[in-house]
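Excluded from the calculations below are hydrogen atoms, water molecules and symmetry mates; all remaining heavy atoms, backbone and side chain alike, are included. The chain is numbered in sequence order, starting from 1.
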Amino acid sequence: MASLAHAAERKAFSIAIEGFLKHLKKKEERTASYLKLVDLAEQFWGKNSMNKDTVAKVRAAIQDPNNRWVKFINRVIDETHPHVAKMLLLNLGYEAFFRGTKLIRANREKYGCNIPWLILFDPTDACNMHCAGCWSGTYGHKNNLTFDEMDRIITQGKELGVYLYMLTGGEPLVRKADILKLAEKHNDVEFSIFDNSTLIDEPFCEEVVRLGNITFQLSIEGTPETNDARRGSGHYEACMKAMDLLQKYGIIFGTSICYTSENIEAVTDEKFVRMIAEKGARFGFYFHYMPVGNNAVPSLMPSVEQRKEIIKKIRSYRSPECDIGFFPMDFQNDGEYVGGCIAGGRNYFHINASGDAEPCVFIHFSDSNIREKSILEILQSPLFKEYHKGQPFNRNHLRPCPMLENPELLRGMVERTGAHGTNAESEETVEQLCSKCDDYAANWKGAAEELWESMPHRKKGYEGYSKEHMEHPELAAFETLDDVKDKQKNAS
């Protein structure tokens with residue numbers, strides 16, 4: 001009965017979305033159409049479940065003809081293929097945001113563990129590139145998830161309410177045929193691929209449009225010089241060609257940018273941001289370089305001053321004063337907007353090409369494998385329960401990570417759970433990993449505290465922490481175990 005009700009509700013939303021997009025073609029009807037969408041959200045969630053102030057601000061923004069983000073949404077709709085736009089609204093909007101979020105929150109209560117909003121998995125370790133400092137270079141090219149294994153991940157995930165799946169690797173499009181087959185079978189979920197651009201061609205774009213449920217994040221790092229210095233000669237040109245193709249076919253895409261001590265100025269330069277926006281990229285993930293793996297280059301980690309500067313720059317690009325049609329997100333510095341660390345299944349987790357379930361794409365330790373456990377059993381495993389119990393790892397969300405900013409916490413979780421390293425080619429102990437972060441964490445702490453105290457903050461209505469932390473927030477009020485000891489010492 002539940003599946004029949006879901007099918008009927010999806011059909012109703014599909015018809016409503018088609019009507020919504022039809023009205024959006026007439027620019028004079030857009031304001032009314034957006035307001036109806038807000039009404040629909042309130043009906044689905046219930047007016048008492050939504051923050052009244054937030055809803056009021058959204059309504060006001062919609063009715064403001066000069067609002068930057070309404071103009072931005074209009075532009076995205078105008079340039080996106082109609083079928084791609086419909087599937088995005090149906091899968092990411094209805095399935096993931098509306099229905100999926102409700103189901104996930106109910107299952108968190110039911111099972112007493114983290115249930116993610118998205119699952120990130122690697123179809124393969126194989127990659128046709130060898131970027132400096134990337135751990136994939138030491139993983140080898142032998143590991144792959146079978147089609148049946150990927151199918152099972154998604155099937156089990158949907159049962160828990162997960163309708164967004166991100167793919168990385170390796171290079172996911174090495175498995176291009178299987179990915180298209182997967183997107184066709186699970187046409188009710190949204191797929192988003194972290195991609196190096198080199199395998200995107202016209203026939204593939206035609207299939208993506210036909211299916212409608214795949215978006216992309218293309219790897220790029222600044223100028224041709226800064227980009228190719230890390231990713232290899234010719235990659236920048238390949239990325240430009242891929243952007244042109246995706247824009248031509250009306251396929252939504254963004255960027256995936258790893259910022260390092262060597263490229264941070266280039267990837268945040270206004271000319272670069274304007275360029276990728278003009279090429280059609282509408283959003284971008286900025287990732288702090290992590291010293292993961294035995295071939296990591298710790299000197300690539302940004303300095304304190306560089307990190308302070310990127311926080312300022314990215315937030316300026318999101319300000320109402322900026323006219324660039326691009327929305328950047330900073331994986332390391334936007335913790336306040338998502339309640340800190342999102343790993344360990346709180347909002348996402350990672351499955352590598354060997355089937356190992358890792359709390360985070362940057363934390364290569366595991367105590368579970370999809371070939372032995374279900375998704376739910378993984379989320380209830382000792383390592384994932386440690387994440388659930390410990391989050392937020394730091395009440396200063398500029399220090400969210402249990403590895404990069406609080407390395408003693410990751411050491412403790414791995415030791416307590418007996419989790420093993422997952423790099424079969426060149427295994428790294430938790431001590432080897434965390435020792436590369438100790439000095440960085442100590443140096444960043446003071447600057448992070450000063451920045452945090454200088455910023456206005458607002459508490460999220462729903463944070464997804466464990467019941468223990470929700471009922472006793474003082475348990476997570478201290479930054480680290482060392483900070484607790486210092487406070488106790490000073491108090492005595």
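- Because its NZ or CZ atom is not both nearer than 6.0 Å to the ring centre of Tyr465 and within 45° of the ring axis, Lys389 does not count as a cation-pi partner of that residue.
- Side-chain N or O atoms of Ser33 include none that pairs as donor or acceptor with a backbone N or O of Leu24 at under 3.5 Å.
- In this structure, Gln391 contributes its side chain and Phe393 its backbone to no donor-acceptor pair below 3.5 Å.
- The aromatic rings of Tyr286 and Tyr259 are tilted relative to each other, their planes meeting at an angle between 30° and 60°.
- The heavy-atom pair separating His350 from Cys360 by the smallest distance is CB-C, 3.9 Å.
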Item to check | Candidate pair Asn213 and Leu88, rule side chain to side chain contact (heavy atoms under 4.5 Å, CB included), full reasoning | outcome: CA-CA 6 Å; Asn213 61 333; Leu88 183 76; over 6 Å; no
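- Side-chain atoms of Glu377 come within 3.5 Å of backbone atoms of Ser374 as a donor-acceptor pair (strictly under, hydrogens ignored).
- Rounding to the nearest 0.5 Å places CG of Asn406 at 4.5 Å from CG of Asn394.
- Remark: the backbone N or O of Ala183 is paired with a side-chain donor or acceptor of Asn187 at under 3.5 angstrom.
- Side-chain atoms of Leu120 and Ile351, non-hydrogen and from C-beta on, never get closer than 4.5 Å to each other.
- Of the possible donor and acceptor atoms, none in the side chain of Asp195 sits under 3.5 Å from a partner among the backbone N and O of Gln217.
- Glu184 places no side-chain N or O within donor-acceptor distance of the main-chain N or O of Leu211, the cut-off being under 3.5 Å.
- Considering only heavy atoms from C-beta on, Glu190 stays 4.5 Å or farther from Leu90 through its side chain.
- Of all heavy-atom pairs between Phe283 and Phe216, the closest is CZ-O, 3.8 Å.
- Within a 6.0 Å sphere centred on CD of Glu450, heavy atoms belonging to other residues, nucleotides or ligands number 12 at most.
- The side-chain heavy atoms of Arg30 and His23, taken from C-beta on, include no pair separated by under 4.5 Å.
- With rounding to the nearest 0.5 angstrom, the CE atom of Met150 is 12.0 Å from the OG1 atom of Thr155.
- Counting heavy atoms from C-beta outward, Lys385 and Pro382 have side chains that stay 4.5 Å or more apart.
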Next on the checklist: Is there a side chain to side chain contact (heavy atoms under 4.5 Å, CB included) between Ile179 and Leu167? Walk through the geometry before answering.
Outcome noted: CA-CA 9 Å; Ile179 288 172; Leu167 281 60; 3.8 Å; yes
Item to check | Full working for side chain to side chain contact (heavy atoms under 4.5 Å, CB included) between Tyr165 and Lys158 | outcome: CA-CA 10 Å; Tyr165 295 83; Lys158 287 195 292 187; 4.1 Å; yes
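- Atom NZ of Lys110 has 12 or fewer heavy atoms from other residues, nucleotides or ligands within 6.0 Å.
- Between Glu79 and Arg282 there is a side-chain heavy-atom pair separated by less than 4.5 Å.
- Looking only at distances, a side-chain donor or acceptor of Ser316 sits under 3.5 Å from a matching main-chain atom of Lys313.
- In terms of heavy-atom proximity, Val70 sits nearest to Ile62 at CG2-CA, 3.9 Å.
- The two atoms that bring Ala357 and Ile378 nearest to each other are CB-CG2, 3.5 Å, heavy atoms only.
- Distance CD/Gln156 to CD1/Ile119: 8.5 Å, rounded to 0.5 Å.
- Between Leu451 and the choices Asn396, Asn333, Leu398, the side-chain contact (heavy atoms from CB on, under 4.5 Å) rule is met once, by Leu398.
- In this pair, Phe287 and Phe331 present their aromatic rings tilted. The plane angle is within the 30 to 60° band.
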Item to check | From CA spacing to verdict: side chain to side chain donor-acceptor pair (under 3.5 Å), Thr417, Asp367 | outcome: CA-CA 8 Å; Thr417 61; Asp367 62 358; 5.0 Å; no
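- When every heavy atom of Tyr387 is checked against every heavy atom of Cys341, the shortest pair comes out as CE2-SG, 4.1 Å.
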Item to check | From CA spacing to verdict: side chain to side chain donor-acceptor pair (under 3.5 Å), Asn67, Asp64 | outcome: CA-CA 5 Å; Asn67 183 273; Asp64 178 4; 4.6 Å; no
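- Residues Val209 and Glu206 form no side-chain contact, since every pair of their non-hydrogen atoms from C-beta on lies 4.5 Å or further apart.
- Ionic pairing of Asp122 and Arg175 is not present here: no N-O contact between side-chain nitrogen and carboxylate oxygen is shorter than 4.0 angstrom.
- Using a 4.0 Å cut-off between charged side-chain N and carboxylate O, Glu309 and Lys312 make a salt bridge.
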Next on the checklist: Working note: Gln332 + Met290, criterion side chain to side chain contact (heavy atoms under 4.5 Å, CB included); need CA distance, chi angles, decisive distance, verdict.
Outcome noted: CA-CA 10 Å; Gln332 204 62 26; Met290 300 289 198; 3.2 Å; yes
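- The shortest side-chain heavy-atom distance between Phe191 and Thr215 does not fall under the 4.5 Å cut-off.
- Residue Ala419 comes nearest to Leu383 through the heavy atom pair CB-CD2, 3.9 Å, listed as atom of the first residue, atom of the second, then distance.
- In this pair, Phe194 and Phe285 present their aromatic rings tilted. The plane angle is within the 30 to 60° band.
- Among Arg307, Lys445, Arg399, the single residue meeting the salt bridge (Lys or Arg N to Asp or Glu O under 4.0 Å) criterion with Glu405 is Arg307.
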Next on the checklist: For a ring-ring contact (aromatic ring centres under 6.0 Å, His included) check, start with the C-alpha distance between Phe44 and Phe98, then their side-chain angles and the critical distance, and finish with the verdict.
Outcome noted: CA-CA 7 Å; Phe44 187 86; Phe98 285 4; 5.4 Å; yes
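- The closest donor-acceptor contact from the side chain of Asn352 to the backbone of Gly355 lies under 3.5 Å.
- Trp117 pairs in a ring-ring contact (aromatic ring centres under 6.0 Å, His included) with only one of the listed residues (Phe349, Tyr462, Phe97), which is Phe97.
- A salt bridge between Glu321 and Arg68 is absent, with no side-chain N of the basic residue lying under 4.0 Å from a carboxylate O of the acidic one.
- By the 4.0 Å N-to-carboxylate-O rule, Arg274 lies close enough to Glu270 to be salt-bridged with it.
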Checklist entry - Can Asp188 and Arg10 be said to form a salt bridge (charged side-chain N to carboxylate O under 4.0 Å, His left out), step by step? => result CA-CA 9 Å; Asp188 56 346; Arg10 180 179 169 89; 5.5 Å; no
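- Trp452 and His397 have perpendicular rings, their planes meeting at more than 60° on a 0 to 90° scale where under 30° would count as parallel.
- Note that CD1 of Ile214 is 12.5 Å distant from CD1 of Ile252, once rounded to the nearest 0.5 Å.
- Ion pair Glu207/Lys176 not flagged as a salt bridge, since none of the NZ, NE, NH1 or NH2 atoms sits closer than 4.0 Å to an Asp/Glu carboxylate oxygen.
- The residue from Lys36, Arg59, Lys52 that alone fulfils the salt bridge (Lys or Arg N to Asp or Glu O under 4.0 Å) condition with Glu42 is Arg59.
- In this structure a side-chain-to-backbone donor-acceptor pair under 3.5 Å is present from Ser366 to Ser368.
- The shortest side-chain heavy-atom distance between Asn107 and Leu103 falls under the 4.5 Å cut-off.
- For the pair Glu278 (side chain) and Met275 (backbone), a donor-acceptor distance under 3.5 Å is absent.
- Using cut-offs of 30° and 60° on the angle between ring planes, the pair Tyr163 and His6 is perpendicular.
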